[in-house]
Amino acid sequence: MVIDYKIFTMKELDKAYEAKKYEDGIYKKWEESGFFVPENLPDTKGRYVNILPPPNANGEMHIGHASGYVVMDLLGRYHRMQGEKVLLLPGKDHAGIQSQVVYEKKIKKERGITRYDLGREKFYDEIFAFCKDRAQYMRGQEKKIGLSADWFREKFTMDPELVNIVLDTFVKMYNEVDDNGNRMIYQGERIINWCPRCFTALSDVEVEHSEQKAKLYTFKYDKDFPFSISTTRPETKLGDTAVAVNPKDKRYKKFIGKIFEVDFVGVPLKIKVIADHEVDQTFGTGALGVTPAHSAVDWEMARKNDLPIIKVINENGKIHEGFGKFSGMAVGEAREAIVNELRESKLLEQEEDYPNNLSVCERCKTAIEPLVSKQWFVNVDHANFSLKNAARKAIENDEIKIYPERFKDVMLNWIDNVRDWCISRQIWWGPRIPIWYKGEEIVASVDSPGEGWEQDPSTLDTWFSSGQWAYSTLGFPNGNDFKEFYPSDVMVMGRDILPFWAFRMIIMSLYRTGQVPFKNLYFTGLIRDEKGQKMSKSKGNGIDPKDVIDKYGTDAVRLSLLIGNSPGNDLNLSEQKIAGFRNFTNKLWNISRFMLLNIENPKEDIAKPVPATDFDRWILVELDILTARIDDSVKNYNLSCAGESLRLFTWSILADWYLEAAKIEKDKSEILNYVLNTILKLWHPFMPFVTEAIWQHIYGENELLMVNHLPKSPVVARNIYKDGEVVAYNWEYPNKRDQKEAGELKNNIGKLQDIVGTIRVFRANVNIESGKKIDVFISAGDHVEFLKRNAEIIKGLRTGIGELVIGKEIEKPENTVRLYVEGVGVFVDTGNAVDNAQRRAKVEKEIAMKEPYIRQLEHKLSNEEFKKNAPPEVVIGEMRKLNNANDELDQLKTELNYLKNV
RNA sequence: GGGCAAUUAGCUCAGUUGGUUAGAGCGUUACAUUGACAUUGUAAAGGUCACAGGUUCGAAUCCUGUAUUGCCCACCA
């Protein structure tokens, strides 16, 4: 039977790639294939797991999220295409305080009500629904960016089964008691950061600092007090119990240890003078009023000196009962009243402007009040199990490898300075603390112990939940997923949450599972605008992923976030950059389009063909090297480098040279088929949509590139060691003959490219009209066989050569110009087509550049020290450079003479 | 105050154990246009590698210091 292949000839690809036309359909196909679910992947070897960091379920995906997702998805797709059982587990965080703030604003605006109007239960239910709704919206955006996650396994930190695990951990930690009766989770009266608007305690990391204009007041408590003090917060002075001075300060030495009874604006205070070397003698009066209940530093001093603690400000930001006329006043009001009174009684000595660092709530920007409050804490250095030491050890021993490496030290430094962690929040949204009271009795229990027990009203810090994300999502401790997928291979997170989240995940996981949560920790930087400014809504300089995906396509956005980006460093992103990658996406599309026009009957599983020509051999060598380089780069999280080498190959090697040569050589169906398949596979993890679109166009809608396997390269990496450490690498074919042939081939092709390039430059420089043919003679030396074989290509690559003569040794023919290419002679007969003046100017300029270069080399080589100390190959290299340069200079001079005489 | 990073072409960035006449992309300029692709091609212009010392035969690269910028931590009442 005769098959007419024309029947099977596919439709040509469209002239330009329109992302919008393909993306949604392709994503749907991936999803319907079921291959996002690891169990559905056929014949897997090994597993690759990434528990994705859960974004806050109260907003939408921004460009920062997108930049993390493309890294995670690239790694996931790469490993999937290596035949591994890949799980990307997505999810959302309930983001306690933040979500509550967002939702309170929403109901205020839309319904004019507060959470108290709804009541705790109703409010909780509404936020739950709100977060679930946002989560669904965000899931849509995550799909848009191409995230190949297992959506059936998607989790939410407030899902009951996750909450149960989280609460169980609380109970276990509460019941962790050392020999002295100290619990790992304990309740204590401590100074904490209080947000009067959110009406809750905050951990240190939820507080931001911003510089503010303040006034510094200098005054005496009363006229009998022997010296004055300075403060920016006179209202808190109602709670002073001491004045601290530097022990070395001569002015105050005699007062140390004395107790003064003073009448401060009508409030009686007992002030003890204490010594503390932290006190700066040069600041203000050198004497510091100690307010233990409302300053963290003072709290520490009070603890050291056993001072009484007087609470002045309550949770509403108002003055407590018992302070006479000031009681009930708001903080600002009280400050004014006290300052006025001091002024009237002539106790106020000075009032000056002073820039102050004000602490504000990270979520609502309200000024925080440090105050003493009864809260729950995690002891991070408990005798039974020191969380911080466990984390320190895991990081020090590289059980968790950190990228970039310098963040290891940042992390360790942070761990060394960590303090006990306040985990209770006085908000309604979040898992409620599993502590139950009945009269004097207290028990920790996930469920109510029974009738008559009251639960603690506080909720848990969000990080207490997300700190357990690595195993709560997998059904710890008995779930199959936990057994199969824990610990995960990699965690990708923004470097801005390093101290909160990374540390917390590590300690919680080590405590509960005895294992690290992940083996590699990759930090992404921030995405900034093109000027390096932080993107923000108020500045209007943000790039919304929705908009740019719509405009340039997902693949372009992905590339712009991957290439030129490196772990831990911020990325300046401009729309122009994205547009550039959109152009590249189209380039790849058109390369494929052209290749397909020259492939008969494309095969999906075509084996590496036998090369017919030098260019064929060369492209296969380059492809081998590329494949191996990408593998090494991706395994070392050097994703930008991988993308960069792929782009270089695709555009500058394949499109600019190989395909141009292929137009001349023709009949390359098989090799084009093989090269096209390979680059589509290699590109897929970077730009999944366009590659999949092309793949399905060629091989049919039922074939998925996504689950194809990446090619194996015969090239291997050889690490280069110094002092036992890998410091560099190179690439080699295991077979010495292959290696030698590859080297020679690359050298020959390089020479051909030089010759072609030099002729093109010459033509452009001397303004030879594009249609005008020139004759060229090449004295090729060792390259003679190769160049003769490829003479038609040299002529065809836009060199405009009429007659081409190639010989081993050719004397410069009459009336030709010699162009300089190292090691070969290229003589051009321009037939009067040259713009003489322009050529002369060019030659003179080159001579002027060449001469100092030669002097520099001569100087170097005449230096005996250099010849003695430098390695011989370097000396030989420099000598060769000098010879070449002299050679070239001679030729330029000859040409100049010739030009002068014409 | 402590720590970390950055400083290379107008812009965004590469630059691998020290050996280049310091590279790319974008932008600019010139030329090309029935060609797989103007979302293109071929070229050109553009840099004393922040500054000052030091080590070395040799420094963008290593060391010290300075400056500027950014970030993190702590925080002065």
Can you check whether Glu600(A)'s main-chain N or O pairs, donor with acceptor, with Ser669(A)'s side chain at less than 3.5 Å? yes
Check the interface with nucleotides 8-11 of chain B: list each N/O to N/O pair with the protein under 3.5 Å, or write none.
none

Phe503(A)/Trp421(A) aromatic ring centres below 6.0 Å: no
Among the nucleotides A77(B), C37(B), A36(B), which one has an atom lying closest to any side-chain atom of Thr232(A)? A77(B)
Mind checking which stems touch RNA chain B? I mean at least 3 consecutive Watson-Crick or G-U pairs, both distances under 3.5 Å. B:1-7 with B:67-73, B:10-13 with B:23-26, B:28-32 with B:40-44, B:50-54 with B:62-66
Please give me the minimum heavy-atom distance between Val874(A) and Phe866(A), naming the atom from each residue. CG1-CZ, 4.2 Å
Which comes earlier along RNA chain B counting from the 5' end, the contact point of Asp570(A) or that of Arg760(A), where each point is its nearest nucleotide? Asp570(A)
Counting side-chain heavy atoms from CB outward, which of A77(B), A44(B), A36(B) is closest to Val761(A)? A44(B)
Return the minimal non-hydrogen interatomic distance between Glu349(A) and Ser228(A), and the atom names on each side. OE1-OG, 2.9 Å
Derivation and outcome, ring-ring contact (aromatic ring centres under 6.0 Å, His included), residues Phe689(A) and Tyr17(A): CA-CA 11 Å; Phe689(A) 288 102; Tyr17(A) 173 62; 9.0 Å; no
Crowding at CD, Glu405(A) (>12 non-hydrogen neighbours, <6.0 Å): no
Lys237(A) and Thr291(A): CA distance, side-chain angles, deciding distance, side-chain hydrogen bond (donor to acceptor under 3.5 Å, both in side chains) verdict: CA-CA 6 Å; Lys237(A) 300 289 110 182; Thr291(A) 321; 3.2 Å; yes
Selection from C76(B), A45(B), C37(B) that lies nearest to any side-chain heavy atom of Val297(A): C76(B)
Parallel under 30°, tilted from 30 to 60°, perpendicular over 60°: which one fits the rings of Trp589(A) and Tyr22(A)? tilted
Is the closest basic N to carboxylate O distance between Arg647(A) and Glu644(A) below 4.0 Å? yes
Nucleotide nearest Arg582(A) (side chain, heavy atoms from C-beta), chosen from A44(B), A77(B), U39(B): U39(B)
Any donor-acceptor N/O pair, Arg558(A) side chain to Met687(A) backbone, under 3.5 Å: no
What's touching nucleotides 20-30 of chain B from the protein side, N or O pairs under 3.5 Å?
unit_1, atom_1, unit_2, atom_2, d
U21(B), OP1, Tyr853(A), OH, 2.6
U21(B), O4, Lys850(A), NZ, 3.2
C26(B), O2', Gln576(A), OE1, 3.2

Remember a base hit wins even if backbone is also touched, and classify Pro852(A) as base, sugar-phosphate or nothing at under 4.0 Å, heavy atoms. nothing
How would you label the contact of Lys845(A) with the nucleic acid (heavy atoms, under 4.0 Å): base, sugar-phosphate, or nothing? sugar-phosphate
When all nucleic acid strands are considered with a 4.0 Å heavy-atom cut-off, which category describes Glu851(A): base, sugar-phosphate, or nothing? nothing
Nearest-nucleotide wise, let me know which of Lys534(A) and Ala764(A) is further upstream toward the 5' end of RNA chain B. Ala764(A)
Quick check: do Ile229(A) and Tyr221(A) have side-chain heavy atoms less than 4.5 Å from each other? yes
Among G70(B), U42(B), U39(B), which nucleotide sits nearest the side chain of Asp656(A)? U42(B)
Closest listed nucleotide, where the reference is the side chain of Ser295(A) and the choices are A77(B), A36(B), C76(B): C76(B)
Whether Lys587(A) contacts G41(B) is assessed here as follows: a side-chain N or O lying under 4.0 Å from the phosphate OP1 or OP2. Is that the case? yes
Counting heavy atoms from C-beta on, name the nucleotide in C71(B), A36(B), C57(B) closest to the side chain of Glu865(A). C57(B)
For U56(B), does OP1 or OP2 lie under 4.0 Å from any side-chain N or O of Asn869(A)? no
Among the nucleotides A36(B), A77(B), C57(B), whichever has the atom closest to the side chain of Phe866(A) is C57(B)
What's the spacing between Ile395(A) CD1 and Lys408(A) NZ if we round to 0.5 Å? 9.0 Å
Distance check: side-chain N/O of Asn413(A) vs OP1/OP2 of C73(B), anything under 4.0 Å? no
